[in-house]
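Chain letters run A, B, ... following the sequence lines, proteins first and then strands; every chain starts at 1. Values below: all heavy atoms of this structure, side chains included; hydrogens, waters and symmetry mates excluded. A quick note: this is a predicted structure, and the numbers were derived from the prediction, not measured.
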Number of protein chains: 2
Amino acid sequence: MLKLSTRYRYGLRILVSLADNGDCYSSIKHLCDSQELTVKYIESIIAILNKKGMVISKRGALGGYKLSKPADAITLKEVQETLNESVFFLECIEKPETCTDRSNSCPSRLLWLAVKARIDEILESLTIKDLCEASRLADIETIIASRIQSP
Amino acid sequence: MLKLSTRYRYGLRILVSLADNGDCYSSIKHLCDSQELTVKYIESIIAILNKKGMVISKRGALGGYKLSKPADAITLKEVQETLNESVFFLECIEKPETCTDRSNSCPSRLLWLAVKARIDEILESLTIKDLCEASRLADIETIIASRIQSP
DNA sequence: ATTTTTCCTATTTCTTTAATAGGATATGTT
DNA sequence: AACATATCCTATTAAAGAAATAGGAAAAAT
């Protein structure tokens, strides 16, 4: 439980690479050189991003992928939703029909609503551009602190 | 990814039930009446809690389970670790040998270190007793707010 | 034509979770 | 002693999702 999928981890790395590459098209092969992944596996991940319109593709020689919008317009929440569409953090919240009547006296539900709210707060406040910067600075806490207001 | 396991959800509900029952032994059958689970499945969950010494068992007629320590001495983090021993939120952190050299320039790693820190902060600050209270109040945010200092 | 590269569809493998099953052992009650 | 109530123990199966691989079709540049 609460395991981070490699699909999302790699997806983020791919998007960060594309962002660093600016307006050029990066081929999967090129993305592979910097990452230790197979062409086929990256392909399957980027295919999802492509179908959702997060990247623009160009076929044939000199083709590849680039971001479909500025890196600071892509939130990490958006990426998560794209890459893990059918998986629900908490079914009884996202699909109420699964566990209707327990509602607000269910301790698990209350706890995870609270946890999820905090995760989402971070994922919504950060963008791919922030990740690029965090990677350069080797620090993300400062960026988060500047985004999220303390109550 | 980031899916909450039913094992943990049910485990919490079981512990909250035991807490509400005070010093009496609750049989699995009794726990079943309030929850919509089979005897066998609850048994398999509570067996884990028992092996780790979180509950005390008594066999035979009038037997059952009760908490091994006060409900306010059992943190939710402890429960999570007990029920999901072998699952790592982020392998490259918890088992560094998996992904050594990417370290602090890996965007995923930075992000999830930050997210994990916030989840752990909540899980460590709350106890089973808090969950009992949250369940009664149908609110957990007030409790969390009183525990976690804003920076 | 040839090379590069995306695109599409399918399959396999692996891990983990979820759930079930049968019977052994202990304990209180009658 | 017999019986009912419970935990305990050890498997096994089923289902889901994640991870990874495979082969070839289609497009575009040189």
Could you check how far [atom1] of [X] sits from [atom2] of [N], rounded to whole Å?
X	N	atom1	atom2	answer
B:L49	D:dC8	CG	P	12 Å
A:I48	D:dG17	CD1	C1'	13 Å
B:I45	D:dC8	CD1	P	15 Å
A:I28	C:dT3	CD1	P	20 Å
A:H30	C:dT4	NE2	C1'	15 Å
B:Y25	C:dA26	OH	P	17 Å
B:K29	D:dT5	NZ	C1'	8 Å
B:R7	C:dA19	CZ	P	11 Å

Partner set under side chain to side chain contact (heavy atoms under 4.5 Å, CB included) for A:S44, not counting sequence neighbours: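 Partners of A:S44 by the side chain to side chain contact (heavy atoms under 4.5 Å, CB included) criterion, ordered by chain and then number, come out as A:Y41.
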
Checking B:D120 now: which residues fulfil side chain to side chain donor-acceptor pair (under 3.5 Å) with it, not counting sequence neighbours?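 Checked B:D120 against side chain to side chain donor-acceptor pair (under 3.5 Å); matches are B:K77, B:K116.
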
When every nucleotide of nucleotides 23-30 of chain D is labelled 5' to 3' by its protein contacts under 4.0 Å (heavy atoms), B for base, S for sugar-phosphate only, - for none, what sequence of letters results? BB-SBBSS

If we only count heavy atoms from C-beta on, is the A:I128 to A:V79 side-chain gap below 4.5 Å?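 Side chain of A:I128 against side chain of A:V79, heavy atoms only: contact under 4.5 Å found.
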
Look up atom OG1 in B:T127 and atom CD in B:E133, then write down how far apart they are to the nearest 0.5 Å.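 The CD atom of B:E133 is 9.0 Å from OG1 of B:T127, to the nearest 0.5 Å.
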
Report yes if at least one side-chain N or O of [X] is closer than 4.0 Å to OP1 or OP2 of [N]; otherwise report no.
X	N	result
B:S57	D:dC8	yes
B:Y8	C:dA18	no
B:T6	C:dA18	yes
A:S27	C:dT4	no

Take B:N50 and A:Y41, find for each the nucleotide of DNA chain D with the closest heavy atom, and name the residue whose nucleotide sits nearer the 5' end. B:N50

Side-chain donor-acceptor contacts of residues 140-148 of chain B below 3.5 Å, not counting sequence neighbours, with atom names and distances?
{"from": "B:E141", "atom 1": "OE1", "to": "A:R118", "atom 2": "NH2", "distance (Å)": "3.0"}
{"from": "B:E141", "atom 1": "OE2", "to": "A:R118", "atom 2": "NH1", "distance (Å)": "3.4"}
{"from": "B:T142", "atom 1": "OG1", "to": "B:D139", "atom 2": "OD2", "distance (Å)": "2.1"}
{"from": "B:S146", "atom 1": "OG", "to": "B:I143", "atom 2": "O", "distance (Å)": "2.7"}
{"from": "B:R147", "atom 1": "NH1", "to": "B:S125", "atom 2": "O", "distance (Å)": "3.3"}
{"from": "B:R147", "atom 1": "NH1", "to": "B:D130", "atom 2": "OD1", "distance (Å)": "3.2"}
{"from": "B:R147", "atom 1": "NH1", "to": "B:D130", "atom 2": "OD2", "distance (Å)": "2.6"}
{"from": "B:R147", "atom 1": "NH2", "to": "B:D130", "atom 2": "OD1", "distance (Å)": "2.9"}

Residues that B:E78 engages under salt bridge (Lys or Arg N to Asp or Glu O under 4.0 Å), provided they are two or more places apart: B:K69

Hey, can you pull the donor-acceptor pairs under 3.5 Å for the side chains in residues 55-66 of chain B, sequence neighbours left out?
{"from": "B:K66", "atom 1": "NZ", "to": "B:D23", "atom 2": "OD1", "distance (Å)": "3.4"}

